[in-house]
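Owing to the predicted nature of the structure, the values given are computational and were not obtained by experimental measurement. Reckoned from all heavy atoms, side chains included, excluding hydrogens, waters and symmetry mates. The residues of the chain are indexed from 1 along the displayed sequence.
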Amino acid sequence: MDDGINTPRRRRRHSAEFKAQACKQPGVSIAATALRYQLNANQVRIWIRAHEQLAIRSTQITPVNPIPEFIPIQLPAPTTASVTPDIVIEIKRGAANVTVRQLLPQSVPVGCRTG
């Protein structure tokens, strides 16, 4: 009498297409997929993880148009009216106010002033 309990099971081999089909079922649980194809849920989980890693690698390999590191931007020349000739630092703490003002000499060009 052959009841199938003591009979050794042969190892099944599945194609890559079959594994991809089993992994690409959105909204279906791993347990439901395993039951549908008569597989172990852990095996399906391994296939899904491998399928996700393959998808990540394929997106990393695809060439992307390189973005230039330096993009020149044309700015308008600064006008003398927009540049303030002095440096002002205001510190406020509670009711106390401290203002430090340093006047820059007009003889130094605007781009060369340091303070």
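- Applying the side chain to side chain contact (heavy atoms under 4.5 Å, CB included) rule to Ala41 yields the partners Ile30, Ala34; only residues at least two apart in sequence or on another chain are considered.
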Return all side-chain donor-acceptor pairs below 3.5 angstrom for residues 88-100, not counting sequence neighbours, or 'none' if the list is empty.
none

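- Each salt bridge (charged side-chain N to carboxylate O under 4.0 Å, His left out) pair with one or both residues in residues 26-51, not counting sequence neighbours, would appear here, but there are none.
- Applying the side chain to side chain donor-acceptor pair (under 3.5 Å) test to Arg12 and every residue at least two apart in sequence or in another chain returns nothing.
- Put simply, CG on Asn42 and CH2 on Trp47 are 12.0 Å apart, with the number rounded to the nearest 0.5 Å.
- Residues forming a ring pair (Phe, Tyr, Trp, His ring centres under 6.0 Å) with Tyr37 (at least two apart in sequence, or on another chain): Phe18.
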